[in-house]
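None of these values were measured; they are calculated from a predicted model.
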Amino acid sequence: MKLSKKNLDERSNHLYDVIIVGGGAGGLSAAIYLQRYRLSCLVIEKGRGRSFWMQELRNYLGLPPTTPGRDLLQQGQDHLLSLGGDHLRGFVEDVQDEGDTFAVKVKLGKQDSIYPVFRSKYLIAASGLIDHLPQLEDMQNVYDYAGYNLHVCMICDGYEIADLKCGLFVNTEAAINTAFVLNWFTPYITVFTQGLTEVNPEMRQKLKDYGYPLVETPIRRFLGHDHEMTGVELADSSMVELQTGLVAMGSHFYNEYLKGLELQWKGNNLVTDSMCRTSHSRIFAVGDLKDGLNQVSIAVADGTLAATAIWRDIRRASPPRRWEQNLIEPIGAVT
């Protein structure tokens with residue numbers, strides 16, 4: 001069921017087997033498997049996550065390379081609803097461990113907000129991250145190219161960058177080191193600090209040794225047309241021609257709602273076992289939130305693993321189902 005403010009009362013006292021925080025590829029994969037395992041789940045999705053912004057899935061097996069991320073998510077959501085799963089658009093503010101259950105507090109609506117609480121036996125954290133983009137006066141100018149030929153993931157899109165003139169956009173000196181991995185795909189790299197970080201003499205020399213220009217002047221705007229970025233205009237009105245770009249400015253992890261729980265962290269990522277179980281036996285983490293590679297294909301597999309582990313737990317703790325009619329001795333049977 002698609003939940004909203006209008007029909008929340010139908011689920012107000014329902015105890016779910018699993019609540020999934022995040023409706024990206026990992027969360028939807030887990031939800032679909034859980035419903036197919038005949039368990040009940042609720043997906044709570046804040047909207048516009050990382051995979052929503054992917055304009056083309058050029059490395060996902062079985063889909064046309066021009067498939068937008070939002071199409072993948074819509075198909076997953078439709079599949080979940082067809083299996084009887086629940087889906088709610090909202091923002092999870094807090095999770096409390098009540099012992100046998102979790103209490104999940106959700107903010108619904110930007111105006112006249114309400115804060116319902118849902119409960120479940122298990123929790124899957126699939127809330128992911130969002131990449132930091134260059135902050136320009138006109139952010140629409142950034143959105144026109146982000147996810148097209150202005151990339152945020154070298155592992156996903158290195159092939160799309162191959163042998164092209166690439167701008168590497170950073171906000172820390174450490175991020176400049178990305179250039180020395182990116183050069184596997186292209187040596188035609190220009191580093192843009194956007195005036196956000198100092199660069200020490202050693203790094204300057206290393207860039208010079210590799211032949212990579214360093215541009216420290218802030219960016220005024222991206223240049224291009226029809227979602228194809230062709231360069232940048234700097235604050236001093238000079239222009240740099242480019243054919244593609246990679247943003248390496250870090251990410252914001254949506255993990256604040258978990259901070260009140262005792263979990264093992266590795267930086268902003270949750271440490272999990274091979275089935276995506278965290279240090280809490282009834283909390284799982286999938287996709288970008290767990291330690292490991294940030295890939296849609298991996299997130300989908302993570303969802304399968306987490307759902308299967310939960311089903312195993314619940315199945316093993318449940319009484320066996322017997323064919324009762326065959327256990328009743330027929331009248332007149334010879335013993």
Q: Side-chain heavy atoms under 4.5 Å apart, restricted to Ile/Leu/Val/Met/Phe/Trp/Tyr: what other residues fall into the cluster of Val117, or is it alone?
A: none

Q: Give a yes or no on whether Asp9 atom CG has more than 12 heavy-atom contacts from other residues, nucleotides or ligands under 6.0 Å away.
A: yes

Q: Tyr115 ring centre to Lys105 NZ or CZ under 6.0 Å, with the angle to the axis within 45°?
A: yes

Q: Keeping the roles fixed (side chain from Thr67, backbone from Pro64), state whether a donor-acceptor pair exists under 3.5 Å.
A: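 Present.
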
Q: Between Asp86 and Tyr16, is the side chain to side chain donor-acceptor pair (under 3.5 Å) condition met? List the steps.
A: CA-CA 10 Å; Asp86 287 347; Tyr16 289 96; 2.6 Å; yes

Q: Please step through side chain to side chain donor-acceptor pair (under 3.5 Å) for the pair Asp71 and Gln75, ending with a clear verdict.
A: CA-CA 6 Å; Asp71 285 3; Gln75 290 173 17; 5.6 Å; no

Q: Mark yes when over 12 heavy atoms from residues, nucleotides or ligands other than Tyr37 sit less than 6.0 Å from its OH; otherwise mark no.
A: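 Count over threshold, so yes.
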
Q: Okay, side chain of Thr278, backbone of Ile283: is any donor-acceptor separation there less than 3.5 Å?
A: yes

Q: Taking only residues two or more places apart in sequence, or in another chain, which ones meet Asp17 in a salt bridge (Lys or Arg N to Asp or Glu O under 4.0 Å)?
A: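 Testing Asp17 for salt bridge (Lys or Arg N to Asp or Glu O under 4.0 Å), a comparison that skips the adjacent residues, returns Lys121.
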
Q: Which pair of heavy atoms, one from Arg58 and one from Pro65, lies closest together, and at what distance?
A: CG-O, 3.5 Å

Q: The criterion is side-chain contact (heavy atoms from CB on, under 4.5 Å); which residues satisfy it with Ser274, sequence neighbours excluded?
A: none

Q: Kindly say whether Leu123 contributes a backbone atom to a donor-acceptor pair with the side chain of Ser120 at under 3.5 angstrom?
A: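 Checked: no pair found.
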
Q: Going through the distances and angles, do Val92 and Ile19 end up as a side-chain contact (heavy atoms from CB on, under 4.5 Å)?
A: CA-CA 11 Å; Val92 173; Ile19 289 178; over 6 Å; no

Q: Gln194 side chain to Phe169 main-chain N or O, any donor-acceptor pair under 3.5 Å?
A: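 No: the side chain of Gln194 does not pair with the backbone of Phe169.
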
Q: Using the side-chain contact (heavy atoms from CB on, under 4.5 Å) rule, take Arg220 and Ser237 through it: C-alpha gap first, then chi angles, then the decisive distance, then the call.
A: CA-CA 8 Å; Arg220 179 176 294 162; Ser237 296; 3.1 Å; yes

Q: Kindly write out the residues that satisfy ring-ring contact (aromatic ring centres under 6.0 Å, His included) with His252, not counting sequence neighbours, or none if the list is empty.
A: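 In terms of ring-ring contact (aromatic ring centres under 6.0 Å, His included), with neighbours along the sequence ignored, His252 is linked to Tyr254.
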
Q: Report the C-alpha separation of Val232 and Phe222 in whole Å, then their side-chain angles, then the decisive distance to 0.1 Å, and conclude whether the side-chain contact (heavy atoms from CB on, under 4.5 Å) test is met.
A: CA-CA 4 Å; Val232 295; Phe222 287 96; 3.5 Å; yes

Q: Could you check whether any side-chain N or O of Ser29 sits under 3.5 Å from a backbone N or O of Ala25, counting only pairs where one atom can act as donor and the other as acceptor?
A: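 Answer holds: no.
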
Q: Got more than 12 heavy atoms from elsewhere within 6.0 Å of CD, Gln325?
A: no

Q: If you measure from NZ on Lys259 to CG on Asp94, what distance do you get to the nearest 0.5 Å?
A: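 It comes to 13.5 Å.
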
Q: What's the spacing between Leu108 CG and Phe91 CZ if we round to 0.5 Å?
A: 12.0 Å

Q: Search all heavy atoms of Thr178 against all heavy atoms of Ala248 and return the closest pair with its distance.
A: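 That closest heavy-atom pairing would be OG1-CB, 4.0 Å.
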
Q: OG1/Thr244 to CD/Glu160 distance, rounded to the nearest 0.5 angstrom?
A: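 If I round to the nearest 0.5 Å, the distance is 8.5 Å.
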
Q: Is a donor from one side chain sitting under 3.5 angstrom from an acceptor on the other, for Thr186 and Asp163?
A: no

Q: So, using salt bridge (Lys or Arg N to Asp or Glu O under 4.0 Å) as the criterion, who are the partners of Arg204 when residues are at least two apart?
A: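 Here the qualifying residues are Glu216.
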
Q: Say you draw a straight line from SG of Cys153 to CG of Asn294; how long is it, rounded to the nearest 0.5 Å?
A: 7.0 Å

Q: Would the distance check show the side chain of Ser127 and the main-chain N or O of Asn255 forming a donor-acceptor pair, the cut-off being under 3.5 Å?
A: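 Checked: no pair found.
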
Q: What's the separation between atom CG in Asp78 and atom CG in Leu28, rounded to the nearest 0.5 Å?
A: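 Reported value, rounded in 0.5 Å steps: 10.0 Å.
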
Q: Can you name the closest pair of heavy atoms from Leu289 and Ala125 and give their distance?
A: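 Closest heavy-atom pair between Leu289 and Ala125: CD2-CB, 3.5 Å.
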
Q: I'd like to check the side-chain hydrogen bond (donor to acceptor under 3.5 Å, both in side chains) partners of Tyr122; sequence neighbours left out, ordered by chain and number.
A: Asp313

Q: Under the rule for side-chain contact (heavy atoms from CB on, under 4.5 Å), what residues qualify as partners of Tyr210, not counting sequence neighbours?
A: Phe180, Asn183, Lys206, Tyr212

Q: Glu262 vs Ser279, test: side-chain contact (heavy atoms from CB on, under 4.5 Å). Steps then yes/no.
A: CA-CA 8 Å; Glu262 292 188 12; Ser279 54; over 6 Å; no

Q: What's the separation between atom CD in Gln35 and atom OG in Ser40, rounded to the nearest 0.5 Å?
A: 7.0 Å

Q: Applying salt bridge (Lys or Arg N to Asp or Glu O under 4.0 Å), name anything that partners Asp144, two or more places apart in sequence or on another chain.
A: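 Result, salt bridge (Lys or Arg N to Asp or Glu O under 4.0 Å) vs Asp144: none returned.
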
Q: Under a 3.5 Å distance rule, please check whether Asn269 uses its side chain to pair with a backbone N or O of Asp288 as donor and acceptor.
A: yes

Q: Looking at Val286 and Ala126, what are the two nearest heavy atoms and their distance?
A: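 In terms of heavy atoms, the two residues are closest at CG2-CB, 3.4 Å.
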
Q: The criterion is ring-ring contact (aromatic ring centres under 6.0 Å, His included); which residues satisfy it with Tyr60, sequence neighbours excluded?
A: none

Q: Whether the side chain of Asn149 engages the backbone of Gln243 through a donor-acceptor N/O pair (distance < 3.5 Å, no angle test) should be reported.
A: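 Here the side-chain-to-backbone pair exists.
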
Q: Determine whether more than 12 heavy atoms belonging to other residues, nucleotides or ligands lie under 6.0 Å from atom CD of Glu137.
A: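 Not buried by this count: 12 neighbours or fewer within 6.0 Å.
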
Q: Within the supplied structure, the quantity of interest is the number of heavy atoms (other residues, nucleotides, ligands) at a distance under 6.0 Å from Gln140 CD; does it exceed 12?
A: yes

Q: Among all residues two or more places apart in sequence or in another chain, which pass the ring-ring contact (aromatic ring centres under 6.0 Å, His included) test with Phe102?
A: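 Per chain and number, Phe102 pairs via ring-ring contact (aromatic ring centres under 6.0 Å, His included) with His280.
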
Q: Under 3.5 Å, side chain of Arg282 to main-chain N/O of Gly99, donor-acceptor pair present?
A: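 Flag set: sc Arg282 to bb Gly99 pair under 3.5 Å.
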
Q: Could you tell me whether the side chain of Ser51 and the main chain of Gly69 form a donor-acceptor pair under 3.5 Å?
A: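 Between the backbone of Gly69 and the side chain of Ser51 there is no qualifying donor-acceptor contact (under 3.5 Å).
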
Q: In terms of heavy-atom contacts, does CH2 of Trp265 have more than 12 from other residues, nucleotides or ligands at under 6.0 Å?
A: yes

Q: Does atom CZ of Arg315 have more than 12 heavy-atom neighbours from other groups under 6.0 Å away?
A: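 Count over threshold, so yes.
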
Q: Going by the rule salt bridge (Lys or Arg N to Asp or Glu O under 4.0 Å), which residues pair with Asp138 if we only count those two or more places apart in sequence or in a different chain?
A: none

Q: More than 12 foreign heavy atoms under 6.0 Å from NZ of Lys46: is that the case here?
A: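 It does: Lys46 NZ has more than 12 such atoms within range.
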
Q: Applying ring-ring contact (aromatic ring centres under 6.0 Å, His included), can you list everything that pairs with Phe253, at least two apart in sequence or on another chain?
A: none

